[in-house]
Engineer: 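Here it is: the structure, laid out below.
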Amino acid sequence: MIDWLALEFRVNTSVFAFKHPDKPFQDIRKLMKDHAVDPNIYVLHSKEDKSKFTIHLHDVARVEQLDRVIELLRIHYGASPHEMRITTLELSLDFWTVKTKAMLLALAKSVRAVASVEDKDFRVYLDSNHFAVMPKDPRKAMSYIGQGYTIGIGHMRNDDVYIRAYYKQTDRNVDLPEHDRRLRIEVNLKGKTLESMGNHAGNLKALIEQG
């Protein structure tokens with residue numbers, strides 16, 4: 001499943017004009033809302049290149065959903081599909097039928113971490129004030145998991161690959177009912193690693209498989 005992705009594109013400003021040139025992101029958001037894509041879509045306008053934008057799409061269940069967004073941007077803003085790039089991709093895998101949280105330790109150990117992931121970046125955390133290096137003793141590790149801690153592998157901001165394993169109990173800060181709670185592992189890809197996988201917008205299916 002795709003948790004979210006960031007799609008970068010350029011508007012053909014020589015042909016297409018925004019209704020709100022001082023706040024063009026509003027026009028893009030309205031376009032997506034009018035076509036039932038996402039009423040609260042996040043739109044980032046590049047400060048260096050005024051023709052460049054990045055939108056964040058959440059809960060993309062099918063490749064066709066991205067294709068629809070690409071087509072809307074092509075028709076309304078002259079954006080070239082061949083130039084569109086996926087600059088961030090976050091994938092998730094849920095384990096609905098697994099009852100034991102010890103599975104989170106097994107998931108963390110199964111990750112083939114690259115050399116850049118230092119010991120300090122293999123950790124457990126609850127929030128910015130509660131974190132620790134991942135204990136080598138599984139009993140200590142399980143004590144953290146029992147308290148709702150997340151296992152983090154890599155650095156959220158500095159690394160091209162960042163992985164989380166946790167017990168999902170909330171969604172967008174709302175508590176989930178008991179039957180919707182499950183174990184989850186998330187893989188966030190960006191930077192040179194994502195580029196090396198071929199991050200053009202038409203390659204989403206392969207990116208999902210590799211990711």
Side-chain angles (χ1 to χ4, degrees), residues 1-6 38 40 42 56-63 65-66 86-197 199 204-211:
M1 174 181 173
I2 298 174
D3 262 9
W4 68 278
L5 62 82
D38 186 346
N40 301 308
Y42 178 73
H56 291 187
L57 300 172
H58 291 266
D59 302 324
V60 180
R62 300 182 306 278
V63 174
Q65 289 176 255
L66 178 61
I86 297 171
T87 56
T88 303
L89 178 64
E90 183 164 289
L91 305 168
S92 64
L93 180 62
D94 291 320
F95 295 80
W96 291 89
T97 59
V98 179
K99 301 302 181 183
T100 174
K101 294 181 183 179
M103 178 66 172
L104 294 174
L105 290 182
L107 288 171
K109 289 181 179 180
S110 74
V111 172
R112 293 176 293 176
V114 295
S116 62
V117 179
E118 302 175 8
D119 286 345
K120 65 180 177 60
D121 289 328
F122 189 18
R123 61 198 181 283
V124 288
Y125 64 91
L126 194 60
D127 51 42
S128 59
N129 296 317
H130 300 83
F131 59 90
V133 172
M134 183 69 174
K136 295 188 181 342
D137 186 334
R139 290 171 298 182
K140 290 183 179 179
M142 281 305 302
S143 70
Y144 281 111
I145 291 172
Q147 297 174 63
Y149 277 63
T150 294
I151 299 173
I153 304 171
H155 195 283
M156 184 181 295
R157 288 181 294 275
N158 299 338
D159 289 342
D160 285 358
V161 181
Y162 176 65
I163 298 170
R164 300 195 306 163
Y166 63 101
Y167 183 62
K168 185 172 179 62
Q169 303 182 78
T170 63
D171 189 29
R172 300 185 183 185
N173 296 319
V174 176
D175 288 339
L176 291 170
E178 192 66 36
H179 65 271
D180 279 340
R181 299 181 181 187
R182 68 270 193 191
L183 305 184
R184 167 174 286 203
I185 187 164
E186 294 174 349
V187 180
N188 186 287
L189 302 160
K190 60 180 183 294
K192 298 291 186 184
T193 297
L194 190 56
E195 290 177 15
S196 69
M197 296 163 64
N199 67 328
L204 182 58
K205 184 177 180 181
L207 290 176
I208 294 171
E209 292 172 350
Q210 293 181 60

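Values reported hereafter were calculated over all heavy atoms of this structure, with side chains retained and with hydrogens, waters and symmetry mates removed.
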Engineer: Where do Met1 and Asp59 land on the side-chain contact (heavy atoms from CB on, under 4.5 Å) test, with the steps shown first?
Structural biologist: CA-CA 8 Å; Met1 174 181 173; Asp59 302 324; 3.6 Å; yes

Engineer: Can you list everything that forms a side chain to side chain donor-acceptor pair (under 3.5 Å) with Tyr144? Sequence neighbours excluded, please.
Structural biologist: none

Engineer: Given Asp121 and Tyr162, is the side-chain contact (heavy atoms from CB on, under 4.5 Å) satisfied, shown in steps?
Structural biologist: CA-CA 10 Å; Asp121 289 328; Tyr162 176 65; over 6 Å; no

Engineer: When you measure from the side chain of Arg123 to the backbone N and O of Gly154, does any donor-acceptor pair fall under 3.5 Å?
Structural biologist: yes

Engineer: Got a sec, which residues hit ring-ring contact (aromatic ring centres under 6.0 Å, His included) with Phe95, two or more places apart in sequence or on another chain?
Structural biologist: none

Engineer: Can you name the nearest heavy-atom pair linking Met142 to Ala102, along with the distance?
Structural biologist: SD-CA, 3.7 Å

Engineer: Looking at every non-hydrogen atom in both residues, tell me the closest pair between Trp96 and His179 and how far apart they are.
Structural biologist: CZ3-O, 3.9 Å

Engineer: Tell me whether Asn188 contacts the main-chain N or O of Glu90 through its side chain, where contact means a donor paired with an acceptor under 3.5 Å.
Structural biologist: no

Engineer: With rounding to the nearest 0.5 Å, note down the distance linking CD1 in Ile145 to NZ in Lys101.
Structural biologist: 9.0 Å

Engineer: Can you list the residues that meet the side chain to side chain contact (heavy atoms under 4.5 Å, CB included) rule with Arg62, with sequence neighbours excluded?
Structural biologist: Glu64, Gln65

Engineer: Rounded to the nearest 0.5 Å, what separates atom CE in Met134 from atom NZ in Lys136?
Structural biologist: 10.0 Å

Engineer: Considering residues at least two apart in sequence or located in another chain, which fulfil the salt bridge (charged side-chain N to carboxylate O under 4.0 Å, His left out) criterion with Arg184?
Structural biologist: Asp3, Asp94, Glu186

Engineer: For Asn199 versus Leu207, what's the shortest heavy-atom pair and its separation?
Structural biologist: CA-CD1, 4.0 Å

Engineer: For the residue pair Ile86 and Leu204, establish whether any side-chain heavy-atom pair is separated by less than 4.5 Å.
Structural biologist: yes

Engineer: Sequence neighbours left out, what passes side chain to side chain contact (heavy atoms under 4.5 Å, CB included) with Leu91? Give chain and number order.
Structural biologist: Ile2, Leu89, Ile208

Engineer: Are any of the side-chain heavy atoms of Leu105 and Ile151 separated by less than 4.5 Å?
Structural biologist: yes

Engineer: Suppose we screen for side chain to side chain contact (heavy atoms under 4.5 Å, CB included). Which residues come up paired with Asp171, at least two apart in sequence or across chains?
Structural biologist: Lys168, Leu176

Engineer: Measure the shortest side-chain to side-chain distance between Gln169 and Asp175 over non-hydrogen atoms and say whether it is less than 4.5 angstrom.
Structural biologist: no

Engineer: Do you know which two heavy atoms are closest between Val124 and Pro135, and how far apart they sit?
Structural biologist: CG2-CD, 4.4 Å

Engineer: Output all residues satisfying side chain to side chain donor-acceptor pair (under 3.5 Å) with Thr193, sequence neighbours left out; order by chain, then residue number.
Structural biologist: Asp160

Engineer: Nearest 0.5 Å, what's the CD1-OG1 distance between Ile163 and Thr150?
Structural biologist: 13.5 Å

Engineer: Name all residues meeting the ring-ring contact (aromatic ring centres under 6.0 Å, His included) criterion together with Tyr166; count only those two or more places apart in sequence or in a different chain, and write none if there are none.
Structural biologist: none

Engineer: Once side chain to side chain contact (heavy atoms under 4.5 Å, CB included) is applied, do any residues pair with Asp137, and if so which ones, sequence neighbours excluded?
Structural biologist: Arg139, Lys140

Engineer: Tell me, please, which residues at least two apart from Tyr149 pass side chain to side chain donor-acceptor pair (under 3.5 Å).
Structural biologist: none

Engineer: Sequence neighbours excluded, which residues qualify as ring-ring contact (aromatic ring centres under 6.0 Å, His included) partners of His130?
Structural biologist: none

Engineer: Using modelled atom types only, decide if a donor and an acceptor are shared between the side chain of Lys190 and the backbone of Asp159 within a distance under 3.5 Å.
Structural biologist: yes

Engineer: Would you mind reporting whether Gln210 and Leu194 have side-chain heavy atoms less than 4.5 Å apart?
Structural biologist: no

Engineer: Taking ring-ring contact (aromatic ring centres under 6.0 Å, His included) as the test, write out the residues that go with Phe131, two or more places apart.
Structural biologist: none

